[in-house]
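What follows is a set of notes on a single structure, which appears directly below.
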Amino acid sequence: MSLELKRAFDTASHNDGYRVLVDRLWPRGVSKEEARIDEWPKEVAPSDTLRKAFHAGDYEWGEFRRRYLGELKEHRERLRPLAERALGKRVTLVFAAKDERHNNAVVLAEYLAMLEPRLRAEKR
């Protein structure tokens with residue numbers, strides 16, 4: 001699976017492949033032309049309640065991750081085409097968070113990678 005993660009404030013590149021904004025809100029100060037986003041599936045971003053609680057410090061990373069993985073399971077079919085695309089071509093998950101190791105894009109990439117074995121088995 002070819003998944004990359006990149007901040008929305010970093011320069012878009014042709015090497016990014018298919019660029020997917022994974023946040024519910026558009027990143028401030030980034031124009032649509034600069035961002036070069038191919039897809040923006042807002043419904044698979046963390047719920048407003050979860051996002052706000054994590055940013056307020058109500059949940060530590062592990063709890064946020066656990067809860068967001070639970071939300072992603074509800075969107076399995078919506079995420080399937082994205083996971084299938086990443087099997088054959090590079091997909092870059094674009095996010096706005098400053099913390100590059102603890103954000104929803106990291107969890108989403110983990111979830112998509114969990115779908116990979118099933119997708120590969122179905123292609124056989």
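Criterion: ILVMFWY side-chain heavy atoms under 4.5 Å apart, direct or through other members. Under it, W40 and L82 are not part of a common hydrophobic cluster. Hydrophobic cluster membership differs between L93 and V30, with clusters built from Ile, Leu, Val, Met, Phe, Trp and Tyr side chains linked at under 4.5 angstrom. Following chains of ILVMFWY side-chain contacts shorter than 4.5 Å, one cannot reach L25 starting from F54, and the two form parts of different hydrophobic clusters. Note on Y59: it clusters hydrophobically with Y111, by side-chain heavy-atom contacts below 4.5 Å among ILVMFWY residues. Both Y68 and V20 belong to a single network of hydrophobic side chains, linked directly or stepwise wherever heavy atoms of I, L, V, M, F, W or Y lie under 4.5 Å apart.
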ask   = So V94 and V22, side chain to side chain contact (heavy atoms under 4.5 Å, CB included) or not? Walk me through it.
value = CA-CA 6 Å; V94 179; V22 298; over 6 Å; no
message = side chain to side chain contact (heavy atoms under 4.5 Å, CB included) for W26 and L21? Distances and angles first, verdict last.
response = CA-CA 8 Å; W26 189 267; L21 180 62; 3.4 Å; yes
inquiry  = Applying salt bridge (charged side-chain N to carboxylate O under 4.0 Å, His left out) to R65 and E110, what does each step give before you reach the verdict?
reply    = CA-CA 10 Å; R65 181 184 164 277; E110 178 184 348; 2.3 Å; yes
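Ion pairing of R90 with D16 is absent here, as no side-chain N (NZ or NE/NH1/NH2) approaches a carboxylate O to less than 4.0 Å. A salt bridge is absent between R7 and D10; no separation between the charged side-chain nitrogens and carboxylate oxygens falls under 4.0 Å. Ion pairing of E84 with R80 is present here, as a side-chain N (NZ or NE/NH1/NH2) and a carboxylate O approach within less than 4.0 Å. A salt bridge links E63 to R67: at least one charged side-chain nitrogen sits closer than 4.0 Å to a carboxylate oxygen. The residues E39 and R19 are annotated as not salt-bridged, no charged nitrogen and carboxylate oxygen being separated by less than 4.0 angstrom.
Across all their heavy atoms, M1 and E116 have their closest contact at N-OE2, 3.1 Å. Heavy-atom minimum distance, L3 versus A109: CD1-O, 3.8 Å.
Annotation: side chain of F95 is not in contact with side chain of P27 (no heavy-atom distance under 4.5 Å). Side-chain contact between R76 and L115 is present, with at least one heavy-atom pair separated by less than 4.5 Å. Looking at heavy atoms from C-beta onward, L50 lies in side-chain contact with F64 at the 4.5 angstrom threshold. The shortest distance between side-chain heavy atoms of P41 and R78 falls below 4.5 Å.
Taking the six-membered ring for Trp and thresholds of 30 and 60 degrees, W61 and H102 have ring planes more than 60 degrees apart, a perpendicular arrangement.
Take H75 and apply the side chain to side chain donor-acceptor pair (under 3.5 Å) test, not counting sequence neighbours, and it matches no residue. The side chain to side chain donor-acceptor pair (under 3.5 Å) check on R85 picks up nothing, with sequence neighbours excluded.
Note that the NZ atom of K6 and the CG atom of N15 stand 8.0 Å from one another [nearest 0.5 Å]. In this structure, the separation between CG on L5 and CG on N103 is 6.5 Å, given to the nearest 0.5 Å. The OG atom of S47 lies 3.5 Å from the CD atom of E71; values are rounded to the nearest 0.5 Å. Note: F9 CZ to E34 CD = 10.5 Å, rounded to the nearest 0.5 Å. The line from CG of L79 to CD of E74 is 11.5 Å long, rounded to the nearest 0.5 Å. The distance from the CG atom of L112 to the CG atom of L72 is 8.0 Å, given to the nearest 0.5 Å.
Within a 6.0 Å sphere centred on CD of E60, heavy atoms belonging to other residues, nucleotides or ligands number 12 at most.
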